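This report concerns only the one structure given below.
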Amino acid sequence: WYKEHAKEDLLPEANKSAFSKAFVKDTILETDFELLIPDNYIENITERLNTYKQLDEALTAEELSRIAQNLTDRFGPLPKQVLNLMEAIKMRRVAMQLGFEKLLLKGGKMVAYFISKQDSEYYNTPTFKGMLQFAQKNPRECFLKEQGARFYISIQHVKDVADVMSIFDKMQKLIPTHAE
């Protein structure tokens, strides 16, 4: 895993200029996906908690790769749950860049909540326009909705982190790179 992803950034280079202004500082992730470090992989709870902290603080794919290499050296090959956790960290970073304050991944569905501040500058950006364009291009499985003051996008048939990353990739491709 770490060799394949070391050169990969958590945000594609081509889209960095479109995301030059961060509107979301953190994305809350709620999921029923199995994203964890198994007790039988790192048995010491303090060590496990420290590893979670390191993973959460990793800002680049290179840092994640270094953590993965360290874990492999110390505890053996990474279990699928840890690989999924690392992919979920990348997913959360991209969600932040796309303007999602909360990402709910449960029951085969993704619900991504946009910035709650309705007068946010974000709603006039090419990033948000790209999200609207994505919804227009995918009317069968994608729905834009409003619940109270919260605006969100709901997408059906999302079974794992790879599905979410594929959706995010399609969204990113609809955002002009010369923006902002």
Side-chain angles (χ1 to χ4, degrees), residues 4-33 35 53 55-65 84-180:
E4 293 171 34
H5 297 278
K7 301 291 183 233
E8 190 182 314
D9 203 343
L10 297 188
L11 185 62
E13 190 66 42
N15 289 334
K16 281 195 180 182
S17 61
F19 299 126
S20 61
K21 185 166 185 176
F23 290 95
V24 176
K25 301 292 182 224
D26 194 16
T27 298
I28 296 167
L29 176 63
E30 289 183 27
T31 183
D32 57 7
F33 297 166
L35 309 172
K53 186 176 185 294
L55 289 168
D56 188 53
E57 292 172 352
L59 296 177
T60 66
E62 188 175 310
E63 288 176 66
L64 281 178
S65 179
N84 288 340
L85 177 62
M86 290 184 163
E87 287 300 310
I89 290 166
K90 293 192 318 188
M91 174 186 68
R92 221 175 104 230
R93 299 285 188 260
V94 176
M96 288 167 48
Q97 297 296 330
L98 292 173
F100 300 133
E101 286 184 333
K102 182 177 178 180
L103 197 57
L104 184 67
L105 304 166
K106 292 186 178 179
K109 183 165 91 170
M110 176 175 94
V111 180
Y113 293 86
F114 291 100
I115 294 169
S116 55
K117 188 177 168 199
Q118 290 183 326
D119 62 348
S120 173
E121 222 181 287
Y122 167 79
Y123 291 106
N124 295 315
T125 65
T127 302
F128 181 67
K129 288 178 179 82
M131 300 303 98
L132 294 177
Q133 193 176 4
F134 178 83
Q136 290 170 340
K137 288 183 176 225
N138 300 280
R140 288 192 179 138
E141 62 271 343
C142 182
F143 307 95
L144 284 171
K145 296 183 180 182
E146 191 171 359
Q147 182 180 37
R150 295 297 307 254
F151 189 51
Y152 64 92
I153 190 167
S154 176
I155 300 173
Q156 306 295 317
H157 313 295
V158 179
K159 65 181 178 312
D160 56 25
V161 174
D163 284 350
V164 176
M165 290 303 280
S166 174
I167 290 164
F168 284 175
D169 184 53
K170 291 172 187 167
M171 288 175 167
Q172 289 174 320
K173 288 180 177 161
L174 296 172
I175 301 168
T177 57
H178 61 280
E180 303 181 297

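Everything numeric here is computed off the predicted structure, so don't read it as measured data.
- Remark: side-chain polar atoms of S154 are not paired, donor with acceptor, to backbone N or O of F143 under 3.5 angstrom.
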Run the side chain to side chain contact (heavy atoms under 4.5 Å, CB included) test on R150 and E101 for me, step by step, so that the C-alpha distance in whole Å, both residues' side-chain angles and the decisive distance to 0.1 Å come before the verdict. CA-CA 10 Å; R150 295 297 307 254; E101 286 184 333; 3.6 Å; yes
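- Residues K109 and I155 have side chains not in contact (no heavy-atom distance under 4.5 Å, counting atoms from C-beta outward).
- Of the possible polar contacts, one joining the Y122 side chain to the L98 backbone as a donor-acceptor pair under 3.5 Å is found.
- In terms of heavy atoms, A88 sits closest to L35 at CB-CD1, 3.6 Å.
- Residues passing the side-chain hydrogen bond (donor to acceptor under 3.5 Å, both in side chains) test with D56, sequence neighbours excluded: R92.
- At distances below 3.5 Å, at least one donor-acceptor pair connects side-chain atoms of D160 with backbone N or O atoms of D163.
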Taking it one step at a time, do E30 and L103 satisfy side chain to side chain contact (heavy atoms under 4.5 Å, CB included)? CA-CA 6 Å; E30 289 183 27; L103 197 57; over 6 Å; no
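- The shortest side-chain heavy-atom distance between T127 and M171 does not fall under the 4.5 Å cut-off.
- The main-chain N or O of N124 is found under 3.5 Å from a side-chain atom of K129 such that the two form a donor-acceptor pair.
- The aromatic rings of F114 and F100 sit tilted, their planes meeting at an angle between 30° and 60°.
- Considering all non-hydrogen atoms of both residues, G130 and I175 come closest at CA-CG1, 4.2 Å.
- Heavy atoms of other residues, nucleotides or ligands lying less than 6.0 angstrom from CG of L132 number more than 12.
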Would M110 and L104 satisfy side chain to side chain contact (heavy atoms under 4.5 Å, CB included), going step by step from the backbone distance to the final call? CA-CA 6 Å; M110 176 175 94; L104 184 67; over 6 Å; no
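- Residue M91 forms a side chain to side chain contact (heavy atoms under 4.5 Å, CB included) with just one option from T27, I167, N84, V161, and that option is V161.
- Between E121 and F23 the shortest heavy-atom distance is CB-CE2, 3.6 Å.
- Both the sub-6.0 Å distance and the 45° axial angle are not jointly satisfied by K137 relative to the ring of F134.
- Residues F128 and I115 fail the side-chain proximity criterion, which asks for heavy atoms closer than 4.5 Å.
- A cation-pi geometry, defined here as NZ or CZ lying under 6.0 Å from the six-membered ring centre and within 45° of its normal, holds between K102 and Y113.
- With hydrogens and angles ignored, the 3.5 Å screen pairs a side-chain donor or acceptor of Q118 with a backbone N or O of A149.
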